[in-house]
Structure formats: structure tokens, C-alpha cells
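All figures in this text were calculated on a predicted structure; none of them were measured in a lab. This chain uses plain numbering: 1 for the first residue, then up along the sequence.
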Amino acid sequence: MFGRHNINMASPSPTVVVSVLGLSRLDRENFSSHKGIGKSCLCYRFMYPGYDDYQQDHRSLLALHEFESDVIHNDHFLYWGSTTRTYMCNGKGPSEMVRFEVLEHTVFYQDVTELPFRINCSTNSVTSFDGYMKMSLDSTLNSPGKLLYRNRDLICSHQECGSLAFSPGIGKHKRGFVVVIDVSDSGPTFERRLRLTEKMVKHLASRKEKFVVAATKRDEMYFATSLEKLSELARACKFTLIEVSAKSN
């Protein structure tokens with residue numbers, strides 16, 4: 001599905017910041033009914049494409065000391081690090097090395113209260129559309145000292161993360177967005193997420209941002225009707241839709 005991972009921190013040109021978006025839990029939804037939509041699994045497979053490297057547990061329910069760790073760093077986003085890929089334009093001409101900085105914009109919840117961690121005094125909830133999009137589209141995003149995330153077990157350990165720290169100044173680089181929606185859902189749950197996805201892509205299009213929509217969990221049992229509704233939305237809104245299978249690679 002993806003090319004070879006390369007964690008060489010030398011800076012090939014150009015650099016593209018990839019921001020992965022998608023809300024898996026809406027404001028009024030019960031946390032007990034919550035399941036992830038696949039953002040972390042997609043990021044993990046991109047960064048670590050080896051079949052045996054795959055890890056599926058990236059729960060967003062954290063203890064306070066985990067949220068305050070150097071990896072989470074009191075933020076509602078994950079820094080997945082840097083990787084390079086070689087591309088050839090339209091299959092012709094010389095290949096070009098591109099460096100990707102991968103960010104996942106998510107929402108972390110307290111394990112005691114099951115409420116989102118608060119990071120400032122903003123009146124916008126991080127699970128509301130306006131609050132989440134404002135946070136995700138911030139081109140001045142900066143978190144000095146934030147370390148690379150790899151998996152849940154290493155959130156509070158520097159052993160694997162080392163000095164791979166988040167690089168500030170993403171506004172200096174080209175930026176693209178991946179909007180994630182889970183097609184293993186159906187019924188009212190999927191309908192709500194479909195409307196949210198539509199709102200996200202229209203918002204990104206109004207800002208003239210570069211983006212694609214990723215239908216996740218295509219390797220699991222999916223609902224053909226859900227995928228067809230998403231395809232219809234892609235045709236109506238004229239965006240690129242890709243089907244992805246992080247688990248089976």
C-alpha cells in the first residue's frame with residue numbers, strides 16, 4: 001500500500017505537511033459507544049509499512065499524566081514524524097524525493113470523566129466542528145519539546161522517541177489534508193459522519209486547501225451502501241476519494 005519508511009532526518013526538497021482529520025465522536029455521543037475511525041492506524045501504516053510492524057491500539061482515552069507527557073504535550077494532535085518517498089510525475093520523467101511531516105488532529109479524553117481535556121479558555125469545544133477545524137487548520141501550530149508518537153505503550157517513554165521532536169513553522173511548507181471517514185459504519189451513525197465529512201470538505205474547499213477523503217477500514221466488513229453514499233458525495237462535491245486498508249496493508 002505504501003512505500004518504504006525512511007526516518008532519515010535530512011531534509012530533502014520539497015517538504016509537505018500532511019494533516020489527517022476526522023472526528024470519531026461527536027459532542028453528544030456517549031463515549032461507551034465510541035470507536036475510532038482509523039486515523040491513527042492509517043498514519044501508523046504510512047510511517048511503518050512493514051506487515052508485522054502494525055499496531056492497532058491507539059485509544060484516545062488517556063490518564064492525566066499521559067496527556068501531560070512530552071509525546072502528547074497537552075495537545076490535541078499527534079506528531080508522527082518524518083518520512084520520505086520517491087515519486088515520478090504521471091509515471092514519466094525523473095523521480096523526485098519528497099519529505100512528509102505527518103500530523104494527526106484528534107481529540108483526547110480524560111479517563112476519569114470521559115470529557116475532552118481542555119487546553120485553553122476557548123468557548124469552542126474541541127469536539128465541535130468550529131473548534132476542531134480551527135485547531136486543525138492552524139498554520140502557526142507550535143509545541144516546543146513535543147516528541148514523536150509511535151504507540152500507546154511509549155507515550156511516557158523517551159527510549160524510542162529520542163530527539164525526534166516536532167518541528168515548528170509548518171506554515172513555511174506546503175500542506176495537504178486527508179479527511180478520514182469509516183465505511184464500516186452504517187445507519188444514523190454513518191449518516192452523521194457523512195454530513196460532518198461533507199461540511200469538512202466544503203470548508204477546506206472554500207479555503208482552497210489541497211485534500212483527499214480516505215474511506216477507512218475497507219479491509220474489514222464494510223457496508224456497500226455507506227461506500228456508495230460517500231462516492232455520491234465525492235461526485236457531487238468533486239473531491240478525490242481513496243479506499244484504504246491499514247490492517248491488511
Is any side-chain heavy atom of [X] less than 4.5 Å from a side-chain heavy atom of [Y]?
{"X": "K229", "Y": "F190", "value": "yes"}
{"X": "H203", "Y": "F129", "value": "yes"}
{"X": "E101", "Y": "V17", "value": "yes"}

Margin query: Is it true that Y44 and Q56 share a donor-acceptor pair across their side chains at a distance under 3.5 Å?
Written below: no
Non-hydrogen atoms of [X] and [Y] that approach each other most closely:
{"X": "K217", "Y": "S184", "value": "CD-OG, 3.6 Å"}
{"X": "S143", "Y": "H73", "value": "OG-ND1, 2.7 Å"}
{"X": "V107", "Y": "S60", "value": "O-CB, 3.4 Å"}
{"X": "L233", "Y": "F239", "value": "O-CE2, 3.7 Å"}

Next item on the list: Check ring-ring contact (aromatic ring centres under 6.0 Å, His included) between H76 and all other residues, then give those that pass, not counting sequence neighbours.
Entry: F67
Notebook entry, point to check: Only one of E104, R152, R45 clears side chain to side chain donor-acceptor pair (under 3.5 Å) with S40; which?
Noted result: E104
Next item on the list: If a pair satisfies salt bridge (Lys or Arg N to Asp or Glu O under 4.0 Å) and one of its residues is in residues 230-239, list it, with sequence neighbours excluded.
Entry: E228-R235
Checklist line | Parallel, tilted or perpendicular, as decided by the 30° and 60° cut-offs, for the rings of W80 and H58 | finding: perpendicular
